[in-house]
Amino acid sequence: MLLLTGVVPMNKTFHALFAFVLLSQFSGPATSFAETPFYQGKTITVVQSTEPGGSGDLRTRAVTAALSKHIAGNPAIMMQYMPGGGGIKAANYMFKTARPDGLTIGRIGPGHVQSAVMHDRGVNFDIDQFIYMGSPISRWASVFYTRKELGLTTLEKVQGATRLRIGAQSVGHPVYVRGRLVAWLLGLKEPQFVTGYSGPEMEVAFRQGEINALVEDPGEEEIKNEFAHFHMVFNTPNQYKHPHPRFRSLPRVHEFAKTEKEEKLLALFQVFRAVGDSYVLPPGTARERVEILREAMRKALKDAEFYQRFKASFGVEATPLLPEEQQKLVKDTPRETEILELYKALAGHGSLPVR
């Protein structure tokens, strides 16, 4: 009896120990697997529509440094540069070639939305099917101003002047289109549009009198030394207030739009600007990975370190556009044929259309 009763506890102990070992062997790795983030040990490729080292690249690196920090697993991020066609090449790649596995993100400049809406040649993507993740910059502050020597102290005097020379980089550039829109809405007499400048060259040309009007964000020298008369703000979006208190009381460009057509034309231009640097995922990307990346982007675009790095790299404050806001902005873009044709006329090199 004693021998028998001694065996039974040993058997129970053995079986319990055996069961524990079995459970540890099978449940341990499964639990570990379930807790391992998908992005741990992975590399995300960011396809940029720009050359390395430029301002677009610097903006991107400010974003991706914060983005990786907020993705569980902290994946590595590498850059792939794909310039061409004002963003068309990179957008085509993201739409038709990039795998929808959550490991490839496109960073495409705002030009891809304009190219798609305006039916430019070479567009093989649908902007409404991209999955948008937001942008670090979406608000733009501009002022219409003229050289002080002209003596155009009021808008009425500006409207009475003839052959005002308005500077820009190139035909079709946002600064060029802004200048054309202002001239058109104000009904300027025979305005001249002078192109071929870089941003810094344009400021020098203004001070030297080669051009006598700009629709740009004026430098501190123009403001402090009063080299110019300031007439109107052209901000994107309309409700955005220019950060400089000097311009808070100026009229806004949309106040000069007289019809719904003109309001839609301004809205179209502003969408092309406000969409910013579009971070996109290919159509068909798995929902759970979209949510992981979108949530990480939301956090990255609110990260204090991102704001500091962005300003240090680019010289201006970040004005983020969150994923859902960007998706809606693209969806609501005016696309009526009449509006698109009017925009083409304003963005081109011919005479301003009859208002």
Side-chain angles (χ1 to χ4, degrees), residues 50-59 83 86 109-111 137 139-155 157-186 188-236 240 242-248 250 253 269 272-273 277 310-317 319 346-349 352:
T50 57
E51 299 278 0
S55 60
D57 189 21
L58 293 174
R59 293 199 301 270
I137 188 164
R139 301 183 187 100
W140 305 83
S142 304
V143 180
F144 171 47
Y145 56 102
T146 56
R147 278 174 55 83
K148 190 173 183 179
E149 288 79 358
L150 297 181
L152 304 177
T153 55
T154 66
L155 269 177
K157 289 183 178 180
V158 171
Q159 290 170 313
T162 303
R163 299 178 69 83
L164 205 61
R165 293 169 60 82
I166 304 173
Q169 283 88 334
S170 59
V171 173
H173 189 280
V175 173
Y176 174 84
V177 180
R178 269 203 309 258
R180 301 260 293 179
L181 276 166
V182 165
W184 185 67
L185 289 172
L186 290 179
L188 299 188
K189 299 176 181 178
E190 301 178 47
Q192 308 295 302
F193 302 97
V194 186
T195 59
Y197 300 105
S198 67
E201 288 172 343
M202 205 159 50
E203 292 181 11
V204 173
F206 178 81
R207 291 171 195 166
Q208 293 178 345
E210 293 176 25
I211 53 178
N212 47 39
L214 284 172
V215 188
E216 260 286 34
D217 195 11
E220 283 297 319
E221 195 167 352
E222 277 76 17
I223 299 170
K224 289 181 179 178
N225 295 324
E226 299 185 352
F227 289 158
H229 290 300
F230 304 104
H231 306 291
M232 173 199 295
V233 293
F234 193 141
N235 292 341
T236 299
Y240 178 53
H242 196 289
H244 199 290
R246 174 76 179 270
F247 308 125
R248 299 274 171 84
L250 291 179
V253 67
F269 174 80
F272 291 162
R273 297 294 285 153
D277 294 333
F310 187 91
K311 187 169 185 179
S313 300
F314 194 47
V316 299
E317 298 285 352
T319 54
L346 280 162
H349 54 71
L352 291 174

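Side chains included, hydrogens not; waters and symmetry mates left out as well; all remaining heavy atoms used. Quick caveat, the model's predicted, so the values are computed rather than measured.
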Closer than 4.0 angstrom, basic N to acidic O: yes or no for R178 and E216? yes
If I compare all heavy atoms of [X] with all of [Y], which pair ends up nearest, and what's the gap?
{"X": "H242", "Y": "A141", "answer": "CD2-CB, 3.3 Å"}
{"X": "V215", "Y": "G179", "answer": "CG2-CA, 3.7 Å"}
{"X": "P83", "Y": "E51", "answer": "CG-OE2, 3.5 Å"}

Do side-chain atoms of [X] reach the backbone of [Y] as a donor and acceptor pair under 3.5 angstrom?
{"X": "Y176", "Y": "G348", "value": "yes"}
{"X": "W140", "Y": "R273", "value": "yes"}
{"X": "R163", "Y": "Q192", "value": "no"}
{"X": "N235", "Y": "S142", "value": "yes"}
{"X": "R248", "Y": "P243", "value": "yes"}

For E203, enumerate each residue passing the side chain to side chain donor-acceptor pair (under 3.5 Å) test, keeping only those at least two apart in sequence or located in another chain. none
In the structure I gave you, are the side-chain heavy atoms of [X] and [Y] within less than 4.5 Å of one another anywhere?
{"X": "F272", "Y": "T236", "value": "no"}
{"X": "M232", "Y": "L186", "value": "yes"}
{"X": "V316", "Y": "D217", "value": "no"}
{"X": "M202", "Y": "V175", "value": "yes"}
{"X": "V194", "Y": "E210", "value": "no"}

[atom1] of [X] to [atom2] of [Y]: how many Å apart, nearest 0.5 Å?
{"X": "Y197", "Y": "F206", "atom1": "OH", "atom2": "CZ", "answer": "12.0 Å"}
{"X": "I211", "Y": "L164", "atom1": "CD1", "atom2": "CG", "answer": "10.0 Å"}
{"X": "F230", "Y": "I223", "atom1": "CZ", "atom2": "CD1", "answer": "5.5 Å"}
{"X": "L346", "Y": "F269", "atom1": "CG", "atom2": "CZ", "answer": "10.5 Å"}

Enclosure of H173 NE2 (heavy-atom neighbours >12, cutoff 6.0 Å): yes
Tell me whether the NZ or CZ atom of R207 lies within the 45° cone about the ring axis of F227 and under 6.0 Å from its centre. no
Could you check F144 against F234 for ring-ring contact (aromatic ring centres under 6.0 Å, His included), going step by step and ending with a plain yes or no? CA-CA 7 Å; F144 171 47; F234 193 141; over 10 Å; no
Derivation of the side chain to side chain contact (heavy atoms under 4.5 Å, CB included) call for R180 and L352: CA-CA 7 Å; R180 301 260 293 179; L352 291 174; 3.6 Å; yes
Under the criterion side chain to side chain contact (heavy atoms under 4.5 Å, CB included), I'd like the reasoning laid out for L152 against N212: C-alpha separation, chi angles, the key distance, then a yes or no. CA-CA 11 Å; L152 304 177; N212 47 39; over 6 Å; no
Begin with the C-alpha distance, continue with both residues' side-chain angles, and end with the deciding distance and a verdict on side chain to side chain contact (heavy atoms under 4.5 Å, CB included) for V253 and L181. CA-CA 9 Å; V253 67; L181 276 166; 5.8 Å; no
Kindly determine whether R59 and D277 satisfy side chain to side chain contact (heavy atoms under 4.5 Å, CB included), including the steps that lead there. CA-CA 9 Å; R59 293 199 301 270; D277 294 333; 2.7 Å; yes
